[in-house]
Structure formats: structure tokens, C-alpha cells
2 protein chains.
Amino acid sequence: MASISERRPPVMADVAKLAGVSHQTVSRVLNDHPNVRSETRTRVLEAIDRLGYRRNMVARALVTRHSRTLGVVSFDTTLYGPASTVYGIEQAARAAGYFVSIVSLKSIDKPGVRDAINYLTEQGVDGIVVVAPQRTAVRALDDVRLDRPVVAVEGGQARGLSVVAVDQVAGARMATEHLLELGHETVWHVSGPLDWLEAEGRVQGWRQALLDAGRAVPEPLTGDWSPRSGYEAGKSLAGMKDVTAVFVANDQMALGVLRAFTEAGVRVPEQVSLVGFDDIPESEFFSPPLTTVRQDFDAVGRSSIAVLLRQIDSEERAEHEHVVVPPRFVRRASAMAPR
Amino acid sequence: MASISERRPPVMADVAKLAGVSHQTVSRVLNDHPNVRSETRTRVLEAIDRLGYRRNMVARALVTRHSRTLGVVSFDTTLYGPASTVYGIEQAARAAGYFVSIVSLKSIDKPGVRDAINYLTEQGVDGIVVVAPQRTAVRALDDVRLDRPVVAVEGGQARGLSVVAVDQVAGARMATEHLLELGHETVWHVSGPLDWLEAEGRVQGWRQALLDAGRAVPEPLTGDWSPRSGYEAGKSLAGMKDVTAVFVANDQMALGVLRAFTEAGVRVPEQVSLVGFDDIPESEFFSPPLTTVRQDFDAVGRSSIAVLLRQIDSEERAEHEHVVVPPRFVRRASAMAPR
DNA sequence: GGCAAGGCTGTGAGCGCTAACATACAGTCT
DNA sequence: AGACTGTATGTTAGCGCTCACAGCCTTGCC
């Protein structure tokens, strides 16, 4: 009666005994090995079902040396961008039969990134995606020993690593050029925190578009992505008389700017045109609906997993890949020709 | 020279040899066992450092039978609520020395939930948090064999499971009563999808507040949490003459309602007062800033991990706990007394 | 009839770690 | 001095699985 009080979950040997085969045959059934008689197979399957057997993936991982789990290191997954990216990564990974272990850092500093990667490595993940939007995060990767494939998302050129990123420069260009084409003399800019590569890319695209058109380049204002920081920037902007067009580095800040303008009695788009970045679900319902630049986070997630898996599957360190995901301009009602 | 071409990562035995001790002593050092001479300890530590040794947690998990990893099953982590909850869970878990493996479902159906839990179980997680905001998700838990501790977040009463949830009813009450106190005759409601427990709770709180005050209970409109669905509801509402106050079940829909009102020339709050739910970062910068009910997702995350760990640590199935997190009313400018 | 070829199944070893026990040596007590 | 404590170490046996190989049976072919 010992076996009854034993509440230990069944193992392969238990299934084998019940089915009257060896544990190895059970293993073969589980792994879809071809050389198993179909009668044997059903017998084993029945035994598995009867016992409620579940394979111990930990033991399996120990011998196969891979866990079919991918690690993700990210930063503040409360923000729309990171959250969407991580979601895209997770979906793509699962579609490929992988699971995802996530470490979401509060702030991106070297020790944080190092610890996260070390932890994931210890856990035996087969590869790691680092969502590294900040310069610091990229540099942190230099100091970490990377035993296994790593791809950086939004990471910029990092020490010969594979990188998947949205073309921020092109997106900012689109936004700025749209405003210029509408007839604005120049375009002001509210940027994100400058240690973010995305912020930098957008500043760069904005500046280039202005320079290419031979326009004056106003001093950009700097925010921190939050609506509040956009609001502060908007208050400054509202006080200036020659501002007719503003490109804001993300939609949340654009909302803040919008609010500040509304409070100051500046009408958008009649007096000032506004273009954002990201296309968050809310943007379409701002007043006025926000013209913006959409980032395809799904595509970013899919690409990063594709690159990572390619790297995992090729024994020898594969070529480092560089995937650029194009942004898409979304025209709505917050930008129009100046009066 | 074989050892040079051997690119196999070092194992405990390698460290042991280099330090001139047994692998067991290395293990003791790694596990902070007290009975190790400090001289020996430093020798081992040095060897670890020199070899770049990293403990294989998979092997460790195989023998200790726990992985220090927690599973999280969630639904569309792109939404602010789930994203924030998962973030809170992840932070709390890591603070407790646990890591988090996430499965983010596209849609919550029984097979999805079952597979997710089975997968996580196979992976050897020590416990699972299910963010189960939908009725379906809760019922799915009934059909799944649960070998290990599970806590449901936002889950309602589920088959003697531990549950952590924000008090939706109380929150909706606050919102409705505020509107009533301002002098509105009654309050209309735009609800979330009714198979969501949160939506149901908010309907219930709203209705109770109305009933308690002896007011008419208008037929609620139903949305799907998205700004667009709020916009549609808002268009209907804008066409009705006796609407002076609306409680919208989340802030995103409230934005849609706001947009519809603006388009229809209905002024908020002068003609119609609006109260939302969630307090997303954007709400403060809507025009007008949105009066809403704040959910403390951090607290939800912390509580669920606390409950889960308590369950894991107590050998015998512990009492099922029921934690209720109170919401907080946030008064801003979208609600005022009727003219 | 003999023998190779192939399908199906079983046996043994070992992945890298920890738990339990065994051992060695110090110091303490009677 | 001998027995006894306690500390510091080593030895052995698995955890549950897969891999490599060995074995047996069938089948086909000369």
C-alpha cells in the first residue's frame, strides 16, 4: 500500500511499468521517434493518460542541454513601447515552440543588466533578447560574458551583436517632412531623454530633414517620455510666438503638449500643428486625433526571435544580423497647413 | 591539450579540482553552508572566479525539486491593466528571489489556459499566478489539474483558490456616489465586456450606488475597453438629452467618450460630467483632466506574490486567502455639478 | 538455407548537482 | 587516557531524463 500513500508524481519508469515496456520506449513515444510500433505507442499513451504523467522538462533540459526557454531582459514594461515589444517577442517565441522568462528592470544600469543576463544564463535559457533602448544598456552588454546567443532590440550598434530596431531616423524624417510639406517654415522638437537611442535617432532624423530643406534648426526641448514632461515642454512652447509646428518624440508627451496648448488657448492644429510618434491606441481619440508615426512592435518581436533562433540553430556563431523595421506615417488631424 | 579545445563550460568538479577540494565543498560554498573554513571558502571563490564558473541551476532544480521560478499566465499584456499587474508581480517576485516565466495569452479560452498551466508545470515552476480577469479564465481553472500552488489575480471566487483582487464594486461606488453628490439626478454607465469580472464588478457597484440613492438605473452601454468602443458609446450618449453624468468603466474608453462628445459639441464637464477608472498615466492630461478611480497594481502584484510564496512555503495546502486591494478615488476636472 | 538489412525494443551510463552519510581531526569533559 | 562533542571535509547515491549501443525479431534476397 506504500504506493498509495506515496504522493510523488509519476515518472517515466512508472509509465513504462504500467505499459509493460522500457522507459526508453516511453521516451521514444514522447519524442515522436519513428521506430515505435503503433500498438506499443497507444499502450504507452494510455498509461501516460491513466497516470496523469507529465514529463519532467528539468531533467530533460539537464541532458539535452537546452531548455526551449528564451530569456528577455527589458526595461519598465509598463511603458507602451516596451510592453508591446515584449508581447510581440513572447508571441513569436511561443509560436516557435519556445517559452519566455522575463526580467524587467526598474532602471537600466550595468549591474542590473549584468545580473539579469547572468541569472538567465544560469537558468539555462537557450538565448536572450535584450530590449536595450538606452545607451547604458548597450554599453552594459560589453561588460557581460555572453555564453549564448543574444540579440539586442532597439539597441543600436553593439559590439558585433545582432540588432533589431525600428528605423527611428526615417520615422522622424517622415514626421518632419510632412510638417514642412504642409508649408511650415520650420519644426520644433520635443525629444525623449537623450540617453535613449530612440530619442537620439528621432532628434537626428528631425534635424536632418530640417537641414536638407535648408531650414533653421530650433533648440529641441527634452522630456522623459511622460505626459507630464510633454506638458511642461508644451507650456514653454505655448509662450513662443513663432512656433507653428512641433514634432513630439512620443504620443504620450504629445498629449501633454496638447493639454498645455489647450490650457494656454493655443488651438491645434489651427495655430500649431503637432505630430507624435508610436501610435498608441489612444492617439486616434485625442482632440484632435493625433498625426503620428507608427512603430510595428509585432514585427520587431517576430524579427528578434527569428534572428535569435537562427543564431541558436547554427552551431558556429552565425553572422551578426541587422534588421531594420520601417515605421509607417499615420496622417490624422493634428497637423495642417499654417494660416 | 584536449582541455583547451574542449569548450564545455566548467562544472563544479573543475572548480573543485582547481581549488583542491571536493565538489561537495564547492557546493557548500555556493549555498552558504556555515561549516566551511573561511580560507577554504576564499580558495573556492577564487577558483570559481578564475574559471568563470556558473552554477547549473537546471541540475540543481532536478535534485532540489524547486526552481525558484514562478509562472505567470496573463492575457494581452499590451493593455495597461494587465501590463502593470504583471510588472508588479515580476518586481515582487524578484525581490523575493524568484524569477518569472510568462505566458501571455492572445485570447483566454480553456485550452489556452490549460496548455499554459501544463507547460509551466512541466517547466517545474514552484507556483503560478493566473491573471484571470475573465469569467472563462476562472472556469478554465476548474478543468486543470493543479499540482502546485496557484493564485488567481482579479479572479473572483474560483474553486477554493487564493484570490487577490481590487475591490471593483467599491471603486465603481465611489465614482457613482461622487457624481450623485455633485447633484446629478442619475449616472449613465459605459461598461467593459461583461464576461470580464472587473466589468461586472463595476456595473454592480454603479447599480448599487444608484439603487441605494433611490435613483433610476439607466440601461448601461457596453464597450470592449478600447478607446474606439468608448467613442461609439459616446456617440450614442451624445444624442440623448437627459444625460448629465457618465461613469465609464476604464480611462481608455473614457477618452473615446470624451472625443465623441467633443465632436458632437457636448462640453465636458459643463454639460456632461465624466468619471473613468484605472488612472492611466495619460488621464491627467486629457482635456479636461479625467476624474477617475485608481487601481494600485503594484499592491496587487505584491500581494499575489506574498500569498503565493506563503502557499509554497507551507508544506500542507494552506488556507486559501482572499486579499482585497482598495481602489482610490482621484478627483480631477471632468466632473462638476450640473448647471 | 543462410545471411544481410532493417525495424523495434531494452540496457547501461551519465548530464551536474545536492542530500545523507562517513570520516578526520580538533577541543572538551570526566 | 578515553569517550564525547562539534567542525570541516570527502564519498556515495541518486534526481528523471536522453544518448549510445546492444540485442532480438522479422523480412527479403541470392
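Reminder, nothing fancy here: chain letters follow the sequence lines and each chain counts from 1.
- Distance CZ (Arg41(A)) to C1' (dC8(C)): 11 Å, rounded to an integer number of Å.
- Under the rule for a side chain to side chain contact (heavy atoms under 4.5 Å, CB included), the partners of Val29(B) that lie at least two apart in sequence or sit in another chain are Val36(B), Arg41(B), Val44(B), Leu45(B).
- Among the heavy atoms of the strands, none lies under 4.0 Å from Val58(A).
- OP1 or OP2 of dT11(C) has not a single side-chain nitrogen or oxygen of Ser22(A) nearer than 4.0 Å.
- A salt bridge links Asp143(B) with Lys110(B): the distance from a Lys NZ or Arg NE/NH1/NH2 to an Asp or Glu carboxylate oxygen falls below 4.0 Å.
- Looking only at atom types and distance, the side chain of Arg55(A) has a donor-acceptor partner in the side chain of Asn31(A) under 3.5 Å away.
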Quick one: which protein N/O atoms are closer than 3.5 Å to N/O atoms of nucleotides 14-20 of chain D? Pair and distance per line, please.
| unit_1 | atom_1 | unit_2 | atom_2 | d |
| --- | --- | --- | --- | --- |
| dC15(D) | O3' | Arg65(B) | NH2 | 3.2 |
| dG16(D) | OP1 | Arg65(B) | NH2 | 2.4 |
| dC17(D) | OP1 | Tyr53(A) | OH | 2.3 |
| dC17(D) | OP1 | Asn56(A) | N | 3.1 |
| dC17(D) | OP2 | Met12(A) | N | 2.6 |
| dT18(D) | OP1 | Asn31(A) | ND2 | 3.3 |
| dT18(D) | OP1 | Arg55(A) | NH1 | 3.0 |
| dT18(D) | OP1 | Arg60(A) | NE | 3.0 |
| dT18(D) | OP2 | Ser27(A) | OG | 2.6 |
| dC19(D) | N4 | Gln24(A) | OE1 | 2.8 |

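- A straight line from CG of Asn35(A) to P of dC25(D) spans 17 Å, rounded to a whole angstrom.
- Although no hydrogens or angles enter the test, the distance criterion places a donor-acceptor pair under 3.5 Å between the side chain of Arg43(A) and the main chain of Ala19(A).
- Using a 3.5 Å distance cut-off with no hydrogens or angles, the side chains of Ser104(A) and Thr77(A) do pair a donor with an acceptor.
- Taking a cutoff of 4.0 Å between a charged side-chain nitrogen and a carboxylate oxygen, Glu90(A) and Arg94(A) qualify as a salt bridge.
- One can place NE2 of His33(B) at 16 Å from C1' of dC17(C), the figure rounded to the nearest angstrom.
- Distance Glu39(A) CD to dT9(C) P: 9 Å, rounded to the nearest Å.
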